[in-house]
Undergrad: 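My questions all concern the structure below.
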Amino acid sequence: MTAPCTRSISTSAATSAESAACETRFAVRDYDLAATLDCGQAFRWKQSNGRWSAVVSGRWVELWRDAKYIFARTAAPQSDWRWLENYLQLPVDLAAVLATFPDDEPMRRAAAACRGLRLLRQEPWECLASFILSSTKQIVQIRQIVATLCARHGSSALSLGEPAFAFPTPAQIAALNEDRLRECKMGFRAPNLLTAARLIDSGKLDLGGIPELELAEARARLVALRGVGPKIADCVLLFGFGFPTAFPVDVWVVKALRRFYFRNRRVSLPKLRQFSATHFGPHGGYAQQYLFHSIRRDERKNFRPAPARL
DNA sequence: ATCCAGGTCGGTC
DNA sequence: GACCGACATGGA
């Protein structure tokens, strides 16, 4: 698909890491990189002067855009970029996805308000672990917990800027104990992460088999984990495994569904789940992310920070 | 200060 | 089923 390295970076002053650095670009349309990386589906991306960096499946990578392209560079040489094309879901025809959304006013507005928003395809274990850590936490805090966990317990990754760390493997976490995990500020979620890591590390839970299952069965496997209910399970199924109709219903989506489809009436969570499972079509998961992103942005638009004090 | 955050769990009625 | 409080931690 893409040439391995369109440009290899090498200068006389380059360190050994820099001389192996690798850069490429992808022509894209309808791809809002910033919204996609920052909308609460992934928790590792940091922005610094217009560029986004993270560690994806153990590889440090930096991304940036111009009008036509997404540019990427890594610290290590790449023989191909399929891992990144897959992560960013570059081949997805967004217009075709949007065309399956229900033709109603809320979805038309959400699609118009979030033009270019995409779903990523994340590494399943990292996705599961991250969302185990997400319950009743704000997105900024989830990022902080995940960053601490990676810095303390993940393997270091070759990078060009700040030191970077891979997400800890199940084995790396399984080798810890609850107190070590609590030191990463994850509170009561620590034992949940620990038992999930140990089940996977011991082979008692095989995430690799999940994609072969029907949605309901896959969901049942995940919900069997302590600390994983229907919402977190659907996040993992959608963002990690790509089940297109997985539909995470969190507090924001509840708010959006009630406001847009039930005239702000009190509707029980099971009823909202039932509605969402049938109303949003073959790419319901995508529709969910558009609702989530648009209502969060609307609410924040009304928020005005207090003027800075001197 | 008080409420709430990309929830889940184990109780109640 | 529906409703409730506990669970850690820190932003707003």
Undergrad: Grab the CZ-P distance between R143(A) and dA5(B) for me, whole Å please.
TA: 16 Å

Undergrad: If we take the P atom in both dA2(C) and dG6(B), what is their distance in whole Å?
TA: 25 Å

Undergrad: Does R258(A) have any side-chain hydrogen bond (donor to acceptor under 3.5 Å, both in side chains) partners at least two apart in sequence or in another chain, and if so, which?
TA: none

Undergrad: So what does F239(A) hit on the nucleic acid, given a heavy-atom distance under 4.0 Å: a base, only sugar-phosphate, or nothing?
TA: base

Undergrad: Starting at atom CD of Q122(A), determine the distance to atom C1' of dG6(B), rounded to an integer number of angstrom.
TA: 12 Å

Undergrad: What residues in residues 277-293 of chain A put a non-hydrogen atom under 4.0 Å from any atom of DNA chain C?
TA: none

Undergrad: Once you round it to whole Å, what is the distance between P of dT9(C) and CZ of R182(A)?
TA: 7 Å

Undergrad: With ILVMFWY side chains joined below 4.5 Å, transitively, what does W64(A)'s cluster contain besides itself?
TA: Y69(A), F71(A)

Undergrad: Just the rounded figure in Å: distance from C1' of dC4(B) to CD1 of I142(A).
TA: 13 Å

Undergrad: Counting Watson-Crick and G-U wobble pairs with both distances under 3.5 Å, what is the dot-bracket string for DNA chain B, 5' to 3', using [ ] for crossing pairs and | for pairs to another strand?
TA: .||||.|||||||

Undergrad: Among side-chain atoms of E126(A) and S130(A), is any donor-acceptor pair under 3.5 angstrom?
TA: no

Undergrad: Could you tell me how far dG10(B) sits from dA8(C) if I compare only their P atoms? Round to whole Å.
TA: 15 Å

Undergrad: At under 4.0 Å between heavy atoms, how does the protein contact nucleotides 7-13 of chain B? Give one character per nucleotide, 5' to 3', with B, S or -.
TA: BSSS---

Undergrad: Can you name the ring-ring contact (aromatic ring centres under 6.0 Å, His included) partners of F101(A), sequence neighbours left out?
TA: Y290(A)

Undergrad: For L199(A), which residues count as a side-chain contact (heavy atoms from CB on, under 4.5 Å) partner, sequence neighbours excluded?
TA: K204(A), L205(A), L225(A)

Undergrad: Just the rounded figure in Å: distance from P of dG6(B) to CG of D38(A).
TA: 12 Å

Undergrad: In whole angstrom, give the distance that lies between atom CD1 of I139(A) and atom P of dA12(C).
TA: 12 Å

Undergrad: With sequence neighbours left out, what residues match F131(A) under ring-ring contact (aromatic ring centres under 6.0 Å, His included)?
TA: F43(A), F239(A)

Undergrad: State which residues pass side-chain hydrogen bond (donor to acceptor under 3.5 Å, both in side chains) with D32(A); sequence neighbours excluded, sorted by chain then number.
TA: none

Undergrad: List the residues meeting salt bridge (charged side-chain N to carboxylate O under 4.0 Å, His left out) with R226(A), not counting sequence neighbours, and say none if there are none.
TA: none

Undergrad: Report yes or no: do T148(A) and Q144(A) form a side-chain donor-acceptor pair below 3.5 Å?
TA: yes

Undergrad: I need the CG-P distance between L272(A) and dA2(C), as an integer number of Å.
TA: 10 Å

Undergrad: Which residues satisfy the side-chain hydrogen bond (donor to acceptor under 3.5 Å, both in side chains) test with S57(A), sequence neighbours excluded?
TA: none

Undergrad: Could you please name the option among dG6(B), dC3(C), dA2(C) that lies closest to any side-chain atom of F131(A)?
TA: dG6(B)

Undergrad: Write down the distance separating the P atoms in dC3(B) and dA6(C), rounded off to the nearest Å.
TA: 14 Å

Undergrad: Report the residues that fulfil salt bridge (charged side-chain N to carboxylate O under 4.0 Å, His left out) with E123(A), sequence neighbours left out, ordered by chain and then residue number.
TA: none

Undergrad: Heavy-atom count around R296(A) CZ within 6.0 Å, excluding the residue itself: above 12?
TA: yes

Undergrad: In whole angstrom, give the distance that lies between atom CZ of R189(A) and atom C1' of dA8(C).
TA: 6 Å

